[in-house]
Amino acid sequence: MKTFVGLAFAAGLMVAATRPSEAACGVQAGPCNCSDLPNPIYLQVGDTQLNLMKALGRKLRDNTPKPITLVWITSGSCPNIDLMYHHNPAAGITATMSYAPSQAEAATFTTASTPFSCTPTTAPATFPDIGNSALFNSACTTEMPPSTLSLTIGPRQGYVLAMPRGTSETAITAEEAYFVFGFGPVMLQAMSAAIMPWIDEGQLWIRPTSKSTLLAWAANISVPAAKWHGTPEPGSPDVVNALVTSSNPSAALGILGSEVYDGLRGSLTIMAFRAFGQYAAYYPDSTATSRDKKNLRDGHYTVWSPTVWMQNTDGTNPVNPDADYVVQMIAGHPVTPAPNFAPNVTVAGVGLVPDCAMRVQRSFEGGPLSLYKPATSCTCRYEATVDVSSCETCSATTPCASGTCRDGYCEEF
Amino acid sequence: MRALIIATLALAFAGGCSDDANNTGKKDAGVVIDAPPTGGPDASCFTLTSATPTYNEIINACTSAQKIYKTPHLPLLGSDGSLPPLP
């Protein structure tokens with residue numbers, strides 16, 4: 001027995017000695033030192049960006065022209081903004097962080113997989129290279145960002161109201177949402193103003209006031225975050241769980257990021273939303289079953305926010321060029337060296353809308369929309385990625401009858 | 001009489017609604033467009049011809065997307081549609 005243990009120990013030492021440097025961190029079973037990972041970039045992001053971290057993190061691990069490891073932790077948008085604005089060391093990251101494994105480390109990893117974990121440096125606490133908020137920063141604070149912080153607008157994030165699957169409800173108006181979340185079913189009932197079917201105070205599932213999901217909805221239905229009725233859940237999965245296990249499903253209503261709903265369409269029913277002043281209610285997508293985010297992109301669905309990506313600069317240039325590489329990539333800007341994947345496809349694949357597919361814009365949370373024309377359009381490519389595109393296809397030998405041939409599609413411009 | 005006028009106007013405008021001029025993508029085959037209820041929200045839509053349409057025109061622009069009309073009974077709403085202050 002002693003001989004067996006000794007041989008096993010020796011074999012273990014041999015394996016460890018022959019591991020590539022990153023292999024020590026490529027084991028899901030236990031955390032390793034984040035700093036041992038190849039080219040780590042540290043991020044603190046909103047939890048709506050989790051799937052982006054997993055998908056983009058995976059691509060960047062295997063990005064041969066510039067391999068990068070995204071090492072992230074999730075938190076509310078408002079705390080993320082506060083951390084990036086104030087560089088408070090006491091608020092630095094000390095908790096276990098996550099990263100996506102490379103193809104070699106886990107061949108079958110997807111956004112549904114549990115990410116690998118690592119331990120950040122804690123003395124001093126790790127300060128993120130990149131911070132993210134999933135809404136306009138002004139929704140969290142009136143403070144201006146420091147001159148050493150660069151803010152880049154990234155893809156757009158949609159937010160939805162959802163009920164458990166099986167409900168007969170299809171839509172909610174801004175006025176209804178104002179009363180339901182601003183007064184609460186108990187008070188409405190007492191005032192003989194109940195709104196069917198949302199008459200159960202215990203069946204409203206919301207998020208804390210520091211979260212973009214609540215703040216975005218708050219701005220769109222004119223109910224300040226502090227006045228919301230409902231049960232705040234710490235994470236989107238908790239809202240989902242509350243909805244699908246509800247004891248009164250016909251009255252259950254929750255707020256979610258649209259990408260969460262998109263991944264759980266079999267369990268949830270999205271409510272079309274009619275904004276103040278709008279004639280009809282619309283889904284984020286052109287129909288209840290499509291995935292094209294057409295209404296979000298053209299202004300018919302108003303509940304969306306930009307994602308904002310914050311990175312440190314010396315006042316002019318990024319402190320960490322590789323962090324800037326990641327930020328520009330997420331924002332859909334060209335980067336050098338060109339990656340071995342299409343960032344906009346990755347962004348679209350996790351439910352976000354790239355800037356190049358947007359046709360409306362706003363300047364503050366829930367603010368009025370105006371028309372928007374990005375520098376180049378990727379509408380056809382976007383629709384082909386998330387749904388179906390009927391755009392004309394093109395190639396070097398089959399030019400477009402009109403528009404610009406880009407990525408195999410005849411884009412409008 | 002007022003309802004009749006609104007309904008007539010609604011039908012007239014509805015006839016003028018077309019797909020987005022910029023809609024290069026899919027057509028509206030299979031898309032359900034619910035009919036507005038009588039006396040309900042204005043069924044008209046705006047064809048965006050200006051380079052700077054208003055917010056109201058953008059959110060009510062003509063579209064092939066699925067629409068759902070709803071006229072909830074909200075007793076606390078002001079007669080002019082105004083919202084009462086939150087408690």
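All figures in this text were calculated on a predicted structure; none of them were measured in a lab. Throughout, a chain's letter reflects where its sequence line sits, starting with A, and its residues are numbered from 1.
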Heavy-atom side-chain contact between A:V223 and A:H229 under 4.5 Å = no
ask   = Which answer fits A:M196, side chain, backbone, both or neither, if we ask what part of it has an atom under 4.5 Å from a heavy atom of chain B?
value = neither
inquiry  = Can you tell me which portion of A:A275 sits under 4.5 Å from chain B's heavy atoms? Options are side chain, backbone, both or neither.
reply    = side chain
message = Below 4.5 Å, heavy-atom pairs only: which of A:K227, A:E176, A:E411 has the largest tally toward chain B?
response = A:E176
Portion of A:F276 that has a non-hydrogen atom of chain B nearer than 4.5 angstrom = both
inquiry  = Under a 4.0 Å threshold between the charged nitrogen and the carboxylate oxygen, would A:D285 count as salt-bridged to A:R265?
reply    = yes
ask   = What part of A:A193 gets closer than 4.5 Å to chain B, counting heavy atoms only: side chain, backbone, both or neither?
value = both
query = Among A:Y178, A:Y282, A:F183, which residue forms the greatest number of heavy-atom pairs with chain B at distances under 4.5 Å?
reply = A:Y178
ask   = Between A:S138 and A:E365, does any side-chain donor sit less than 3.5 Å from a side-chain acceptor?
value = no
key: Working for side-chain hydrogen bond (donor to acceptor under 3.5 Å, both in side chains), residues B:T54 and B:N56   = CA-CA 5 Å; B:T54 65; B:N56 188 54; 5.2 Å; no
request  = May I ask you to check if the distance between the SG atoms of A:C391 and A:C380 is under 2.5 Å?
outcome  = yes
request  = Name the region of B:L76, side chain, backbone, both or neither, that has any atom closer than 4.5 Å to a heavy atom of chain A.
outcome  = both
task = Against chain B, label A:S192 side chain, backbone, both or neither, depending on which of its atoms sit under 4.5 Å from a heavy atom there.
result = backbone
message = Please classify the contact between A:I195 and chain B as side chain, backbone, both or neither, with a heavy-atom cut-off of under 4.5 Å.
response = side chain
ask   = Within 45 degrees of the axis of the six-membered ring of A:W217 and under 6.0 Å from its centre: does A:R207 put its NZ or CZ there?
value = no
request  = Counting only heavy atoms closer than 4.5 Å, note whether A:V360 contacts chain B via side chain, backbone, both or neither.
outcome  = side chain
inquiry  = For a quick check under 3.5 Å, do A:S377 and A:R359 share a side-chain donor-acceptor pair by atom type?
reply    = yes
